[in-house]
Each structure stands twice: as C-alpha cells, then as structure tokens.
Amino acid sequence: TQTSEPLKVGSLKFGTVNWLLDTIAGDKVDVRERVRLERLELASNQATTVALQAGAVDLIVSDWFWAMRQRAEGDSLLFRPYSNALGALMVPRDKGFSSLADLKGKRLGVAGSALDKSWLLLRAFSRNKLHADLADIAEPVYGAPPLLSEQLRLGRLDGVLTFWNFAARLDAAGYQPLIDMDDVLTELGVTPSPPLVGFVWREELLRSKPDQIAAFFRAVSGANQILKTEDAAWERLRPSMSIETDAEFVRLKEYFRAGIPTPWGDAETKAAERLFGILSELGGPELVGPRTRFDPTLFWMPKG
Amino acid sequence: MKKQSARRSTHLAWSALSIVVLVAAWQVAASFSDPRLLPGPGRVGATLVAAGLDGSLFTNIGITLARVFASFVLAMTIGSAIGIALGRVVLLNRFFDPWLILFLNLPALVIIILCYIWLGLTEVAAIIAVAINKIPNVAVTLREGGRALDRDLLEMASVYRIGRWRTLRHVILPQLTPYFMGAVRSGLALVWKIVLVVELLGRGSGVGFVIGSAFQLFDVSTILAYALAFVAVIQMIEFLILQPCERRLNRWRR
Amino acid sequence: MKKQSARRSTHLAWSALSIVVLVAAWQVAASFSDPRLLPGPGRVGATLVAAGLDGSLFTNIGITLARVFASFVLAMTIGSAIGIALGRVVLLNRFFDPWLILFLNLPALVIIILCYIWLGLTEVAAIIAVAINKIPNVAVTLREGGRALDRDLLEMASVYRIGRWRTLRHVILPQLTPYFMGAVRSGLALVWKIVLVVELLGRGSGVGFVIGSAFQLFDVSTILAYALAFVAVIQMIEFLILQPCERRLNRWRR
Amino acid sequence: MAAMTGLEIEIDDKTYAPLASAPTRRIFDGFQLTVDPGAFVCLLGPSGIGKTTLLNMISGLDTDYSGRIEFRGEPRPRMGYVFQTPRLLPWRTVLENILLPLPSTEAARRTAVNLLTDMGMSDTQDIYPERLSLGMQRRVALARAFALEPDILLMDEPFVSLDETTADKLRDLLIEMLAQRPVTVLFVTHDSRDAIRMASRIIVLSGSPAHAVKDIQVGLSHGERLDKGAIEAFRGRFLAQSQ
Amino acid sequence: MAAMTGLEIEIDDKTYAPLASAPTRRIFDGFQLTVDPGAFVCLLGPSGIGKTTLLNMISGLDTDYSGRIEFRGEPRPRMGYVFQTPRLLPWRTVLENILLPLPSTEAARRTAVNLLTDMGMSDTQDIYPERLSLGMQRRVALARAFALEPDILLMDEPFVSLDETTADKLRDLLIEMLAQRPVTVLFVTHDSRDAIRMASRIIVLSGSPAHAVKDIQVGLSHGERLDKGAIEAFRGRFLAQSQ
Ligand SMILES: Nc1ncnc2c1ncn2[C@@H]1O[C@H](COP(=O)(O)OP(=O)(O)OP(=O)(O)O)[C@@H](O)[C@H]1O
Ligand SMILES: Nc1ncnc2c1ncn2[C@@H]1O[C@H](COP(=O)(O)OP(=O)(O)OP(=O)(O)O)[C@@H](O)[C@H]1O
Ligand SMILES: [Mg+2]
Ligand SMILES: [Mg+2]
C-alpha cells in the first residue's frame with residue numbers, strides 16, 4: 001500500500017540515531033505510520049553532512065548551529081530536535097575531584113577543538129564561578145573523542161569534556177560527570193536548556209515529501225516512547241551497540257532515555273536565542289559564521 | 001648459478017622468516033600494553049577469522065579492492081602520460097608546473113568533498129576523487145624520470161627516425177621503469193589510503209567505512225584486522241604480479 | 001644563448017600566465033555553481049585577507065609549516081637511508097621487504113592512533129606519526145633508484161677503492177638525484193596532507209585543525225583559503241629552494 | 001634506386017657556450033665543405049678538434065650553430081650514423097636493436113640476420129647488449145647502420161676495439177655495400193692507413209677553430225689499396241707531416 | 001719504494017651463465033698465466049674472446065669463476081684500471097674525477113694538474129666530462145689511472161679514439177712513468193704495432209675457450225722500438241699469422 005517515495009535518512013553506522021531507526025524498523029513503527037525509510041549508513045559525522053549537501057540523503061542528524069549557519073549562507077535547512085542529551089565533563093571517581101576548581105593545573109581533554117561549543121560554555125561558566133578562564137588554569141588537550149577517552153583511561157588526562165555517548169561509556173568504566181552541560185546552561189541563564197542536535201533537512205522536502213516527513217516524526221516519537229519504556233527493545237539493540245560490560249549498557253540506556261526531547265516550543269526558541277547570543281559572543285564569527293543571525297524560522301514546528 | 005625454482009623458494013623462505021619475526025615483535029609489544037590499545041596477533045587473528053566467517057571481511061575488502069583498482073589504473077595512466085609530457089616538453093612544464101603543485105598539495109578532503117558534491121555520492125565520484133588525488137604524485141615522479149633520460153639514446157632514436165611511438169616504447173619507457181615501479185608501489189599504497197578516506201566520507205561500505213566506524217568505537221582490533229587483511233592482499237599482488245613483472249623488465253641488466 | 005636573468009624572467013612570466021589562466025578557469029567554474037559549494041576566487045580571497053588581517057592565517061600556517069618541516073626532514077633522512085640500503089643489499093631487501101609493504105600500506109589512521117595512544121596527544125607524537133607514514137614512501141622510491149644504479153661506475157669505484165663514504169657521496173647519491181627530487185616533491189605534499197589529518201585528530205592548532213573545523217561547518221571558502229595559502233607557500237619553496245637546487249644539481253648535464 | 005645525395009656545408013660559427021669555468025670554445029668559424037654524391041670522405045684530425053661536432057651537425061642532432069647544411073639530391077636522405085660509442089638499447093636484444101629503425105617486415109629481418117652472420121655474430125641475436133664485449137657491441141651498431149641502407153652514412157671511428165681480422169672483414173662488408181648502392185660516406189678516423197685504404201677523399205682538420213689543412217683526392221686503384229706498401233708510400237707522401 | 005708485484009693466474013673455469021636464449025659461453029678453461037713483477041704484458045686477441053673478462057677477474061670485479069688469481073709481492077697492490085670505456089663520473093669535473101681515488105692533499109692535486117697538462121688538457125680541469133670529446137674523456141681516464149701511482153696497471157685499449165700524435169705523447173708518458181716506478185702492466189690492444197713498441201711480452205689469445213696461442217718475449221732495444229721498420233719486421237716475423 002506504500003506507493004510514495006521513501007525518505008532517505010543518513011546516519012552514523014554506530015551512532016545513536018541508528019538505535020532509534022533500528023527500533024522503528026524492529027517494532028514496525030514505520031509500517032504503522034506508513035512511511036518507508038531508506039537508510040544510508042556512513043562512517044563519520046562529516047560524511048553525513050557531505051551526503052546531505054550532495055543530495056544523497058533527505059535528512060540527517062546535526063546540530064542547529066550548523067544548520068543555522070548554512071541557512072544564513074542560503075541553504076534553507078530546517079531543524080527538529082532529536083536528543084536533549086548534552087555532553088559532560090567526566091573525571092575519575094576515585095581522584096576526589098568535586099568541582100571545577102579541583103581541575104587547576106590538570107590536563108583536560110576537550111572533544112573537538114578550542115571552538116567546541118561545550119568548551120566555550122564551560123569556560124564562560126568557569127569565569128562566572130571561579131573568576132578564571134578554565135583554558136588558563138587547566139591545560140586543555142583537543143582531540144577526537146575516541147582518542148580522548150583512551151587517554152583518560154590511560155591516566156594521561158585528568159578529565160574529559162566529551163559527547164554524551166562517550167560520557168556514558170566512561171561513566172560505566174569508573175568515571176563520573178563532574179559537571180553536566182545542563183548545569184552549565186542553567187548557570188548561564190539558558191533555561192530550559194535547548195536540545196543541540198536534531199534532524200536537519202531542506203525546506204523543499206516539506207513540499208516534495210510532506211506526508212513522509214510527518215509520518216517520520218510520528219515514527220520517531222513512537223520509537224522514542226518504546227525505548228523509554230520497554231527494555232525488550234534495548235535487548236534487541238544490544239548486539240549492535242558494541243557493548244563491553246553490562247554497566248555500559250545500563251548507562252547508555254539511561255543517558256539515552258534522559259535525552260529524549262520534549263516538544264520544542266516558544267520557550268525553547270527563546271532559550272536557543274539566548275544560547276546563540278552567548279556563543280556568538282564567546283566564539284565570534286568563526287564559530288557561528290560571519291553572516292549568521294539568530295533565525296527562529298529554522299526550528300520547524302508542525303502545525304497542530 | 002642456482003636454479004630458478006631454488007632461488008624462488010629461498011626467497012619465499014626469507015619472506016616467511018621476516019613475517020615471523022614481525023609477528024613475534026608485535027606479540028612482544030602487545031604483551032606490554034593494554035590489549036584494547038594494542039591487541040596482540042592472537043586477538044586480531046580472532047577478529048579476522050570472525051569477520052571472515054560472517055563474510056563481511058571478503059565483501060568489504062572486495063569492494064575496496066575494486067575501488068583501489070579502478071582509481072589506480074586511472075591515475076597511473078593519466079599521471080604517467082602527464083608526467084612524461086611535462087618531463088620532455090619544457091614549455092608544457094613551465095606552464096603547467098604551478099597547476100601540478102596546486103593539485104599535488106590540495107588536501108584530499110577538498111577534492112573529495114568537491115567531487116561528492118558535484119557528482120553526487122556515487123561510486124564514480126569516489127573513484128574520480130581518488131584518481132585526482134593520486135595523478136599529481138605519479139606525474140611528479142615520472143616527470144623526474146622524463147628529465148633524466150639518456151640523451152645518447154634519444155639522439156640515436158632521432159637520427160634513425162624511428163618515430164614518436166617507437167621512441168616512446170623502445171627508448172623512453174624502458175628507462176622509466178624504475179620510476180614507474182616506484183610510482184606503482186607507493187601509488188598502490190597511497191590510493192588505498194585515499195580510498196579509505198573517500199569511504200569514510202561518503203560510502204556505506206568498504207574497509208574505510210569499517211575502519212572509520214571501528215574508530216568511533218575505539219575497536220583497534222577490528223581496525224588492525226582489516227588493515228592487515230588488506231596489507232596481505234597487497235603482499236600477494238607484490239609477489240604474484242609486481243615482482244615477476246619487475247624480474248622480466250630487468251632481465252637485460254648485467 | 002640567453003642570459004641567465006632573461007631566462008629567469010621569462011620563466012616567471014610563464015608561471016604568472018599559468019596562474020592567471022588557472023584563476024580564470026576557477027572563476028568560470030565558480031560562476032556556474034552555488035558559491036557555498038565552490039566559492040569563486042573573489043570570495044576565497046576575501047576570506048584569505050580576513051584571516052590574514054586577524055593574524056590567525058599566519059599563526060596556523062606557521063605552526064603547520066613547522067610540523068611539516070620537522071617530519072619531512074625526519075622522513076627524508078631515515079627513508080632515504082633505508083631505501084638506499086635496501087636497494088643495494090639484496091639480503092636486507094629480502095628480509096625487510098614485507099615490513100616495508102606493511103608500513104607502506106598501514107592506514108595513516110592506524111599509525112596516528114597508535115602514536116597518539118603511546119606517546120600521548122603531544123607534538124612529538126604528531127611529528128613521529130607523520131614521519132612513520134612517509135618513511136616507507138621515500139624508501140620505496142629510493143630503493144628503485146638504488147637498484148638502477150650504473151654498474152660501470154660502481155665497478156670503477158670498487159677497483160679504485162675509493163671507500164664506502166666517497167662511493168656514496170660521489171657515485172651513488174648523484175645518480176639518485178632524480179629519485180630524491182621526486183620523493184621531495186611528492187613527499188612535501190604527502191607530509192602536509194598527513195599533517196592535516198594528524199592535526200585534525202589530535203592537535204588544537206594548525207591548518208589541519210582549521211580545515212577540519214571549517215569542514216564541520218561546511219565552510220568551503222575557508223578550506224580553500226587555507227589550502228591555497230599553503231599551496232602558495234609550497235610554490236615559494238619550489239621557486240626559491242627546489243628549482244635553484246635542481247639547476248645546480250643538473251649543471252653537469254649536456 | 002635512390003637519388004645520390006651530396007652535401008653542402010657552410011658553418012659560419014659553431015661555438016659551445018662557456019659552461020662553469022670552462023672557456024668559450026669556438027669550434028668552427030667560416031668552415032666550408034662540399035661533398036659530392038657518392039663520395040667516401042675521410043676526416044682526420046686531432047682529438048677534440050670537432051669531428052664529432054661536425055657529424056652531429058650534419059645528422060641534424062646539433063642545430064645550435066649559424067650557417068647551413070644542405071643535402072643535394074634527396075632533401076631528406078636516409079641517414080645511418082655509427083656513433084663514437086655503440087648507443088644500443090640495453091633492454092633490447094641485438095636483433096631488436098638492429099630492427100628498430102627498419103620496417104617490420106620479414107625482409108628486413110633477413111637482412112639484419114645476414115648482416116650479423118657476415119660480421120661473425122650469428123649466435124648473438126637474442127642477447128642483450130650489455131652481455132657483449134665492446135667490440136661486439138660496435139659491430140651491432142655497424143649492423144644497425146648498414147641494415148638501414150642509408151643514403152648518407154656517418155661513421156665516427158667505427159672500427160676501433162676490433163681486432164685486425166674482424167676490422168678487415170667489416171671494411172670488406174662496407175665496400176661491398178657501397179658497390180651495391182650509392183652511398184655518401186663521411187668517415188672519421190684516427191687511423192690514416194684506414195683512411196687511405198678506403199677513402200676517395202681525405203680531409204685533415206687542424207687548428208682552433210678547425211679548418212681543413214689538407215684536402216686530398218685519393219686516386220689509388222683497388223689493387224693498390226690492398227697493397228700495404230702502396231699505402232705506406234701514400235701515407236709518407238701526403239700525411240707524414242699532418243699530425 | 002713499493003715492492004714489485006707479480007701475478008699468478010690460474011683459471012680453471014670461467015663461464016657466463018646462459019641468459020635468455022643465448023648459449024652458454026665458456027670463456028676460459030684451464031687458463032694459466034704467470035706475470036713477472038715489472039713486466040709489460042700485451043694481450044692481443046680477437047674481439048669477444050675474453051680479454052676484458054680476464055682484466056675484470058684480475059681487478060677483482062668479477063669473482064664468479066673457479067680458479068685463483070694471486071698477487072706476489074704486495075698482497076693488496078694499488079691498482080689502476082683504464083676501462084674500455086672512460087667511466088668518468090659525469091657529475092664531477094675532470095679534476096674531481098682524477099682526484100677521486102687520491103688522498104685529498106695538495107701534492108695529489110699538483111700531480112693531477114701536471115698530468116692533465118702533459119696530456120694537452122690543461123684547460124679542461126673544471127669541465128664536466130660530457131662536454132668533452134671522447135678522446136679527451138679517454139685521456140682523463142688515463143690520467144686517473146696514472147695519478148694513482150699504481151702497482152698494477154690494467155689497460156683495456158687505452159689509446160683508441162686518439163690521433164697518432166696524441167697517442168704517441170701518451171705512450172711516452174706511460175713509458176716515463178714506468179721508468180720512475182716499477183709497475184706491472186697488462187695492456188689489451190688490437191694494434192699489434194702498439195704492442196711491439198711497448199711490451200716486454202706479447203700474448204696472443206685465440207680459440208674458445210681462450211688460450212694463449214703465442215707467448216713472445218719482445219727483446220727489442222729502445223732504439224728499435226722507435227724504428228718503424230724494425231717494428232714491421234718483428235710484426236712480420238711473429239704476428240703475421242696470428243689473427
Ligand atoms: N656539449 C658540449 N659542450 C661544450 N663543449 C663541447 C661539447 N661537446 C664537445 N665540446 C667541445 O668541443 C670540442 C670538439 O669536440 P668533438 O667531440 O667534436 O671532438 P672530436 O674531434 O670528435 O674529438 P675525438 O677525436 O676525441 O672524438 C672539444 O674540445 C669539446 O671539449
Ligand atoms: N655479463 C656477461 N654476461 C654474459 N656474457 C658475457 C658477459 N660479458 C661478456 N660476455 C661474453 O664473454 C665474451 C668475452 O667478452 P669480453 O668482453 O671479455 O671480450 P673482449 O675480449 O674484451 O672483446 P673486445 O675486444 O671486443 O672488447 C663475449 O663473447 C661476451 O659475449
Ligand atoms: Mg669524436
Ligand atoms: Mg673488451
């Protein structure tokens with residue numbers, strides 16, 4: 001009965017989006033919502049953005065800063081949150097770190113670069129709290145998240161500011177969040193803390209495949225609901241999660257569930273605008289793009 | 001004056017010994033470090049066998065190999081032609097030298113993105129991207145060869161008016177053999193490395209895809225397993241194609 | 001029989017013309033496509049000027065250049081030594097050939113990860129990782145050169161007992177010049193490309209880092225600006241160092 | 001049969017650029033030479049005077065001079081050049097080297113094989129040149145030039161590194177070839193006996209820039225050319241003071 | 001003064017491996033030769049018989065034979081080898097080429113420059129070899145061998161490509177050098193006059209495998225050696241049928 005064209009979704013092979021998509025397929029949510037999904041699995045985040053630019057997929061997961069910047073450059077993208085989960089600053093449980101102040105003079109891994117958004121926010125936070133820039137009092141080491149996790153495990157780093165899925169695995173391996181990005185945002189006056197990552201697609205898609213989009217998001221929330229409540233769905237995902245310990249599995253499940261987003265409303269848009277203001281102050285045009293203004297029309301809110 | 005076959009088999013014995021020593025060194029290094037960070041031969045072997053049994057190893061290596069092969073042939077052909085032309089014709093070289101330097105030094109990433117964006121996320125785009133990355137390297141190596149040609153022999157060819165084609169075939173190409181073999185060897189390696197990046201950035205299959213995914217999970221064992229499997233394939237190509245070829249081509253040497 | 005300086009200036013004129021044509025071609029291509037995906041020379045120039053004015057261009061290029069230089073010197077020295085040794089001593093080559101193939105074909109990612117893991121996310125690790133990536137390429141090229149040496153001259157050196165060192169300096173190295181120049185040219189390019197990856201994975205500075213960030217933002221204009229700035233540096237090296245060097249080294253040719 | 005080819009040489013100036021710290025060398029300055037079709041001209045002259053340079057200019061390899069070199073008869077004569085060194089392709093066998101400038105016909109192949117046999121090298125046709133002695137390589141180079149059936153044959157000391165018997169055999173072969181087809185020969189040698197034995201005209205070069213100090217028509221009969229005494233006598237008469 | 005060096009050669013078997021479709025060539029088989037210290041031995045023999053091969057074995061370049069070659073006097077004599085081709089380093093100037101095997105002293109440099117001057121090449125010392133005529137390159141190769149003050153001097157047709165005057169000058173230079181220091185010389189040539197003029201002993205090789213068909217002590221006086229008639233007479237007497 002499905003005559004319509006499929007919706008092409010690009011995702012990371014071992015990314016968390018795939019858990020969602022697997023659940024949609026596994027529980028036949030797609031059939032129920034009458035949407036056909038065609039998945040292109042890729043090996044890196046960059047690959048998904050390339051795929052979107054090259055028109056090989058309709059929809060990917062990315063952060064809204066990126067989307068807004070592209071929009072300002074003339075690429076009419078839209079955004080809808082996928083996860084509330086933000087990163088965290090992970091430290092060893094047994095080293096007695098209890099606040100940012102304890103990180104003075106320590107080596108601190110930062111996923112990505114000096115312009116990483118979480119890192120900029122954390123620095124602003126530390127300026128508020130400690131009246132000192134974390135970049136000055138600690139020694140930041142920038143690198144790819146998997147490398148940083150290993151360095152932390154080897155004891156070459158004292159803490160790591162990393163993405164939530166890496167944080168979850170570290171959590172299971174004897175590390176704890178010293179500070180959550182949620183807290184940072186709250187401290188900086190951004191409430192409710194807006195989701196950073198979400199689905200990104202072009203406006204045309206609303207014209208060419210309007211039903212599929214609507215159905216897809218219904219399917220997503222359906223799958224989220226399943227993942228939130230049913231452990232059986234998780235057991236099905238387990239083999240593809242590359243889990244090493246039970247604890248890791250539990251933590252990943254917890255973190256994921258905590259990150260399932262609430263619907264985006266005007267409050268979120270307000271918070272996002274505030275966040276954008278802070279970040280463009282901290283990171284300047286290099287971070288947000290020379291031509292970028294906050295653009296609330298990026299955030300797609302389905303009618304009704 | 002050993003017999004051909006005897007020589008061949010001592011050669012194989014040396015290679016075997018060499019590989020044994022290498023594996024032993026690896027084992028020793030691995031036994032001093034966390035198996036997550038440097039898994040030993042045993043662990044990587046197990047991963048390899050598992051990947052082999054479920055077939056994914058062969059599919060992915062096969063796919064990557066096909067891409068490597070296609071772009072390698074493309075790059076060697078075009079690159080050699082450009083290199084020889086630039087090496088022989090001074091004016092051409094003057095004009096195109098800056099272009100060559102540009103393409104030689106353009107980051108792989110730039111070329112790959114542009115190819116993918118222009119040609120779509122397709123197989124053709126991937127292969128062209130790799131070829132464009134490799135062509136300048138081949139050209140540069142062969143250009144040096146083209147410049148260092150024996151003038152005595154070229155003069156002979158010109159006096160005897162043997163024509164462009166025969167000159168190329170009988171006088172120029174044989175002198176370029178060592179440059180060509182150098183370009184083939186480091187070229188095969190380079191192409192395979194670029195294919196990895198290309199697969200990482202826009203293909204849903206192949207060794208690069210697997211390695212990229214494994215990196216996200218920090219699964220060094222899988223990374224090594226796939227890398228070594230590919231190295232083994234290249235080793236085979238070396239033994240079964242390149243070395244016999246080279247022996248044939250060098251038969252004339254005293 | 002033109003004068004040296006006249007020759008030099010026509011040479012420069014050719015290069016200038018070549019670059020003009022290249023930029024024009026780029027402009028034409030850009031005008032047919034979305035400026036986001038292929039920004040034209042004007043836009044990239046503006047980005048370049050902006051980056052130059054706020055100083056970040058020079059800092060980043062400087063840092064990257066230092067890394068390129070350090071690993072290049074390391075790789076060329078060790079790689080040439082290995083290559084010549086393998087090219088001249090058959091037994092060494094038999095034994096180490098599989099090792100060479102292994103290291104030649106080990107993906108950059110693997111080497112970089114292992115270096116970072118073992119040596120930490122440090123400058124030393126970065127430079128060693130790049131050097132290890134490049135060494136096998138240099139070795140392979142120079143090995144071919146080492147094999148193709150003129151036997152007549154080597155025999156002369158041996159009869160006249162001029163010793164190992166003099167043989168190397170006066171008989172062997174001059175013959176390897178074209179191979180060496182080939183390795184230098186494609187080597188510089190390769191090293192710079194690997195430095196990009198190394199910076200992307202574990203350094204918070206340098207062109208690779210900037211390009212990596214720009215890529216995440218899909219800011220092709222910045223990517224091109226930095227890439228071209230670096231290409232310009234290489235072009236300068238080519239003009240001011242490599243080509244004069246080469247002219248000197250080739251003075252003896254008829 | 002091909003038209004006979006003469007040569008008109010007029011070199012106003014041939015100078016090698018001064019390179020490194022070497023002084024400028026003016027090799028020819030107002031040098032003139034006319035070679036009749038079918039002549040056998042021997043060039044004698046001290047080492048380093050410019051004989052090879054002259055042949056290179058005639059063959060068209062060296063065009064960096066002012067003056068003109070024109071062929072009469074054939075505008076683009078078939079040219080055989082026996083260089084001062086063999087210049088064989090080391091990666092091609094003896095036979096392949098000889099066949100290289102020839103059309104790929106069975107006849108050409110037969111000619112080449114016969115020539116090799118005549119030169120006493122019948123069993124070397126599949127050998128790579130570096131495995132031959134220098135004298136054998138020179139014979140291959142000669143065979144290559146002969147096989148081409150040239151209109152003009154330039155030979156730069158072709159018979160060195162050959163024992164007297166072999167050299168004699170090659171001389172006979174050359175003379176036989178000349179008898180069958182009209183060829184204009186320019187023959188550089190340091191061996192004045194050789195010159196007298198074969199040449200119709202001997203030119204002795206000397207000085208710097210080089211010029212012809214002697215230009216001798218050799219009017220010896222076939223019989224006289226085979227007689228050592230006659231040759232020595234001729235040598236005494238014309239060439240004694242020349243060098 | 002260095003001890004004089006003799007040579008004891010006993011080659012049981014020297015065969016070149018059959019390569020490609022070439023037949024096996026046995027070059028020497030039970031070949032014996034004893035060279036007295038200070039002797040000047042000329043080797044004559046047809047092209048391709050194995051003269052160069054013999055010199056290569058003596059010089060130690062070719063060790064792929066069964067038999068033994070021993071030096072008497074010096075166990076590791078200083079050796080000068082004038083190869084059949086010049087074998088100069090094209091990327092080193094003439095002077096650098098000559099100095100290459102010498103210690104880097106001012107005296108060595110002076111010797112080299114003087115030798116070049118004696119050979120009529122004083123103005124070429126800073127030129128790269130490829131810019132020289134072949135005869136000039138050969139002279140450089142000779143200078144390189146002479147400058148070394150060798151105990152054993154192997155020369156493979158050293159005087160070809162040289163005009164008669166220059167060749168005579170070089171012969172004189174060689175004889176002068178031999179008068180000053182005792183040197184054992186093995187001299188390959190195709191020019192029997194050359195051989196008679198200089199040798200104390202002439203060995204004519206022939207056959208396959210090669211063996212000495214003649215072994216002549218040349219007892220000519222210095223005066224006779226300068227006399228063309230005497231040389232021709234000697235040639236007629238001993239070498240007429242040899243080739
Ligand atoms: N490429 C070159 N560059 C500069 N000088 C050269 C070059 N070729 C030859 N010469 C010089 O020109 C002169 C004549 O050289 P050429 O080779 O013609 O002599 P030749 O008469 O053939 O001598 P030979 O009998 O020794 O072969 C020599 O003095 C040589 O140094
Ligand atoms: N590397 C080699 N491999 C095979 N055969 C060879 C090799 N070198 C020489 N020969 C053969 O050995 C024989 C003797 O060669 P050699 O060079 O000693 O001759 P020669 O007496 O010096 O001759 P010429 O007077 O022509 O220089 C020749 O028939 C040659 O074909
Ligand atoms: Mg000459
Ligand atoms: Mg010989």
Side-chain angles (χ1 to χ4, degrees), chain B residues 11 14-15 17-19 22 33 37-38 91 94-99 101-102 104-110 113-114 117-118 136-137 140-141 143-145 147-148 151 177-179 181-182 185-186 188-190 192-193 196 208 211-212 215 220 223-224 227-228 230-231 234-235 238 250 253-254, chain C residues 11 14-15 17-19 21-22 33 37-38 91 94-99 101-102 104-110 113-114 117-118 136-137 140-141 143-145 147-148 151 177-179 181-182 185-186 188-190 192-193 196 208 211 215 220 223-224 227-228 230-231 234-235 238 250 253-254:
Chain B
H11 197 150
W14 272 101
S15 299
L17 176 67
S18 162
I19 290 168
L22 193 63
S33 58
L37 304 184
L38 183 66
L91 277 190
R94 290 242 174 97
F95 188 79
F96 285 108
D97 188 50
W99 297 41
I101 293 176
L102 173 73
L104 193 62
N105 289 290
L106 223 44
L109 195 66
V110 174
I113 302 176
L114 290 181
I117 289 175
W118 284 17
N137 280 60
V140 159
T141 307
R143 181 175 65 174
E144 296 298 335
R147 283 178 182 158
R151 200 165 142 164
T177 309
Y179 297 89
M181 290 315 283
R185 289 224 167 78
S186 60
L188 214 50
L190 189 60
W192 131 254
K193 287 178 185 180
L196 289 189
I211 289 186
F215 175 57
V220 180
I223 297 182
L224 282 179
L228 291 184
F230 192 84
V231 170
I234 298 274
Q235 186 73 261
E238 173 82 12
N250 282 333
R253 287 186 195 278
R254 259 203 296 161
Chain C
H11 197 149
W14 271 103
S15 298
L17 175 68
S18 161
I19 290 168
V21 171
L22 193 63
S33 58
L37 303 184
L38 183 66
L91 277 190
R94 290 244 172 95
F95 188 79
F96 284 108
D97 188 52
W99 296 43
I101 294 175
L102 173 72
L104 192 61
N105 289 290
L106 223 44
L109 190 67
V110 173
I113 296 175
L114 291 182
I117 288 177
W118 284 19
N137 279 62
V140 159
T141 307
R143 182 175 66 174
E144 296 298 334
R147 282 178 183 159
R151 200 165 142 164
T177 309
Y179 297 89
M181 290 315 283
R185 289 220 168 81
S186 60
L188 214 50
L190 189 60
W192 131 256
K193 288 178 185 180
L196 290 189
I211 289 186
F215 181 36
V220 180
I223 297 182
L224 281 180
L228 291 184
F230 192 86
V231 170
I234 298 274
Q235 185 74 260
E238 174 82 27
N250 282 332
R253 286 186 196 278
R254 262 204 293 163

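Hydrogens, waters and symmetry mates are skipped; everything else that's a heavy atom, side chains included, is used. The chains referred to below are lettered A, B, ... by the order of the sequence lines, with proteins before strands, and numbering in each begins at 1.
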Note to self: Show, in sequence, the C-alpha distance, side-chain angles and deciding distance for B:Leu104 and C:Ile234, and conclude whether the side-chain contact (heavy atoms from CB on, under 4.5 Å) test is met.
What the structure shows: CA-CA 10 Å; B:Leu104 193 62; C:Ile234 298 274; over 6 Å; no
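- In terms of heavy-atom pairs under 4.5 Å with chain C, the best-connected choice from B:Tyr179, B:Phe96, B:Trp118, B:Trp192 is B:Tyr179.
- Summarising the geometry of C:Pro98 relative to B:Ile19, their closest heavy-atom pair is CB-CG1, 4.0 Å, with the distance given to 0.1 Å.
- For the options C:Leu102, C:Thr141, C:Leu224, heavy-atom pairs under 4.5 Å to chain B are most numerous at C:Leu102.
- Of the two parts of B:Leu196, only the side chain, counted from C-beta on, holds a non-hydrogen atom closer than 4.5 Å to a non-hydrogen atom of chain C.
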Notebook entry, point to check: How far apart are the C-alpha atoms of B:Val110 and C:Val220, what are their side-chain angles, what is the distance that settles it, and do they pass the side-chain contact (heavy atoms from CB on, under 4.5 Å) test?
Noted result: CA-CA 8 Å; B:Val110 174; C:Val220 180; 6.0 Å; no
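- Of the two parts of C:Leu114, only the side chain, counted from C-beta on, holds a non-hydrogen atom closer than 4.5 Å to a non-hydrogen atom of chain B.
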Next item on the list: Could you walk me through whether B:Trp99 and C:Val21 pass the side-chain contact (heavy atoms from CB on, under 4.5 Å) test, one step at a time?
Entry: CA-CA 10 Å; B:Trp99 297 41; C:Val21 171; 3.8 Å; yes
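- Contacts with chain B were tallied for C:Pro107, C:Ser15, C:Ser18, C:Ser186; C:Ser18 has the most, counting heavy-atom pairs under 4.5 Å.
- A distance of 6.5 Å separates CG of C:Asp97 from CZ of B:Arg185, quoted to the nearest 0.5 Å.
- Contact count against chain C (heavy-atom pairs under 4.5 Å) is highest for B:Arg151 among B:Arg151, B:Arg147, B:Met181.
- In plain terms, the two heavy atoms of C:Asn105 and B:Val231 that are nearest each other are CB-CG2, 3.7 Å.
- Formation of a donor-acceptor pair under 3.5 Å by the C:Lys193 side chain with backbone atoms of B:Leu109 is not found in this model.
- Both the backbone and the side chain of C:Leu22 come within contact range of chain B, judged by heavy atoms closer than 4.5 Å.
- The most heavy-atom pairs under 4.5 Å with chain C, out of B:Ala227, B:Gly182, B:Ala189, come from B:Ala189.
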